[in-house]
Number of protein chains: 2
Amino acid sequence: MARTTGSDGEKTEAAVREAAVNLIARLGYEAMSMRQLAAEVGVQAAALYRYFPTKEDLLFTLMREHMEGLQQAWSTARPAAADPMSRLAAYVENHIAFHIERRHSTHVSNMELRSLSHERLTQILKMRTAYEKELRAILRDGAEAGVFEIDDTGLTAMALIQMMTGVIVWFRPGERLSVTEVTASYLSMTMRLVGATISHGTARPSGRARDAVAL
Amino acid sequence: MARTTGSDGEKTEAAVREAAVNLIARLGYEAMSMRQLAAEVGVQAAALYRYFPTKEDLLFTLMREHMEGLQQAWSTARPAAADPMSRLAAYVENHIAFHIERRHSTHVSNMELRSLSHERLTQILKMRTAYEKELRAILRDGAEAGVFEIDDTGLTAMALIQMMTGVIVWFRPGERLSVTEVTASYLSMTMRLVGATISHGTARPSGRARDAVAL
DNA sequence: GAATTAATAAAACGAACGTTCAATTAATTC
DNA sequence: GAATTAATTGAACGTTCGTTTTATTAATTC
């Protein structure tokens, strides 16, 4: 046999991507074999090399597109010009929605970084840093405006991101909690963590939280 | 050659464990070969099988001992009978100290779970759940006493654990922040996140946080 | 110091790996 | 409908993998 009836390059490539994300998320990149992936797609292993020159190219493509998707999602959800609290809320909501929706893809992008070449690792980390920088900017602005109470902006940003991304570890759609409920809870925890205060028009540069925000 | 001068089973086994933790943390379990591990120890691959019957046995041993260490560390640090806030503070401090001190081991125990057999995976997860249950109990007690403001105990526990364990992803000893500083910051963030209030002798069962704790 | 046990080396096993190549057939173009 | 291009198969390549077996030497016991 050779070319099969109804075969279509675009469809096959899409099927390879989808199967690869799921398999790598479940088994890990190293543990997934190209033959296993091919079988999942319904094709021979050699056919995969028409779309991705190496196994690592496949991994890198998945990761790069994940990061591009994240940046694009945020640039769409980002409020044009708003107060730090609204911006933080938007960031949290977008982050959680995106990561729950793309659980497998997130798993791959977070867990398989060590399988990339140095050059490609740097490239992915650069994209990640750019995305995290947005959160740090929001926290800094909020702290300077006296809306947030933050010890260390960088440390707080990392803590928040770890906390939010961690959702994918335990969250399973269709179980006890809905995405909306989880997002609301995390938003509430985030606002308390950054010491968000209800602004009364004027910034209060010091003093501790008096009016915690109920969300 | 065969037995080498000065060879000692106990020392070799200890060297294998240590090298394995470091190699698996750096390369991943699947990516580390037994020959690589043996070379790191300064021995032939066959010698490893005197101490661990299979590669998976080695992984499982490392994970089980990590979890046992965590439980033991907590049972030592746990305050005998104290208020929820002190208990929470002790939990956070112990958790962060332990995980920073055993970064590589934590990496292995968190990232390589999928390489365990179903039975062994269950065993490790059971230990982890038992440890997390302690945090949930503290949060529940605090919420019932009116010392904490918590939406959902289970969700909050997961969020806190992800946040705290996440330290190992970005923390590098000897850089900008010391362990003490990081712990203090995380403790502060934790207390705010759970809405800890200064107790005035009587529990205030409802109402929002008025006196945020400064730590 | 002979016998026994402990700790290792050296070599080999079959299986699986990522990848390549040549052949073959389906779809498209002219 | 012939020529060309697209998509895939099947077989093979050399390498590496986890693991086993056998032999050999160091340390210990008697």
Side-chain angles (χ1 to χ4, degrees), chain A residues 1-24 26-63 108 112 114-117 120, chain B residues 1-24 26-63 108 112 114-120:
Chain A
M1 269 197 290
R3 178 166 191 171
T4 54
T5 59
S7 61
D8 177 338
E10 282 192 33
K11 285 182 184 171
T12 304
E13 181 169 350
V16 170
R17 285 166 197 259
E18 195 192 326
V21 167
N22 293 332
L23 272 182
I24 297 176
R26 191 165 77 233
L27 310 173
Y29 170 76
E30 295 283 353
M32 178 200 74
S33 75
M34 294 299 269
R35 285 173 178 82
Q36 223 173 339
L37 173 57
E40 192 81 8
V41 178
V43 100
Q44 290 298 316
L48 302 174
Y49 289 83
R50 166 164 258 270
Y51 307 102
F52 302 97
T54 68
K55 192 185 178 186
E56 198 212 314
D57 276 283
L58 169 57
L59 177 64
F60 177 66
T61 300
L62 296 177
M63 287 185 170
V108 173
E112 309 293 351
R114 58 187 160 202
S115 294
L116 292 179
S117 69
R120 284 171 162 176
Chain B
M1 274 197 286
R3 179 168 188 168
T4 55
T5 62
S7 62
D8 178 335
E10 283 192 32
K11 285 182 185 171
T12 304
E13 181 169 351
V16 170
R17 284 164 198 260
E18 195 192 325
V21 167
N22 293 332
L23 272 182
I24 297 175
R26 193 164 74 233
L27 311 172
Y29 169 77
E30 294 283 353
M32 178 201 73
S33 76
M34 295 299 269
R35 285 173 178 83
Q36 222 173 339
L37 173 58
E40 191 83 6
V41 178
V43 101
Q44 290 298 315
L48 302 175
Y49 290 83
R50 168 164 257 271
Y51 307 101
F52 302 96
T54 68
K55 191 184 179 187
E56 198 212 314
D57 276 282
L58 169 58
L59 176 64
F60 178 65
T61 300
L62 297 178
M63 288 185 170
V108 173
E112 309 294 351
R114 58 187 160 202
S115 294
L116 292 178
S117 69
H118 178 72
E119 187 190 346
R120 286 172 160 173

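Worth saying up front: this structure is predicted, and the values here are computed from it rather than measured. Numbered from 1 within each chain, the chains take letters A, B, ... in sequence-line order.
The side chain of V43(B) approaches dT8(C) more closely than any other nucleotide in the set dT8(C), dT19(C), dA7(D). Picking from dT8(D), dT19(D), dA9(C) the nucleotide with the shortest atom distance to the side chain of T4(A) gives dT8(D). With distances taken from any side-chain atom of A2(B) to the nucleotides dT24(D), dA26(D), dA7(D), the minimum falls on dT24(D). With dG18(C), dT8(C), dT8(D) as the candidates, the nucleotide lying closest to the side chain of M34(A) is dG18(C). Here the nucleotide nearest the side chain of A47(A), chosen from dT8(D), dT8(C), dA26(C), is dT8(D). Out of dC17(D), dG18(C), dT20(D), the shortest distance to the side chain of Y49(B) is found at dT20(D).
E56(B) is listed as a side-chain neighbour of L116(B), based on a closest heavy-atom distance under 4.5 Å.
To the nearest angstrom, C1' of dC17(C) lies 15 Å from CG of L27(A). Spacing between atom CG of L59(B) and atom P of dG18(D) amounts to 13 Å, rounded to whole angstrom units.
Position along DNA chain C of the nearest nucleotide to A46(A) versus A31(A) favours A31(A) as the more 5'-ward residue.
With E112(B) contributing its side chain and Y29(B) its backbone, the two residues share a donor-acceptor pair below 3.5 Å.
The side chain to side chain contact (heavy atoms under 4.5 Å, CB included) test with V43(B) is passed by exactly one of L37(B), V16(B), L48(B): L48(B).
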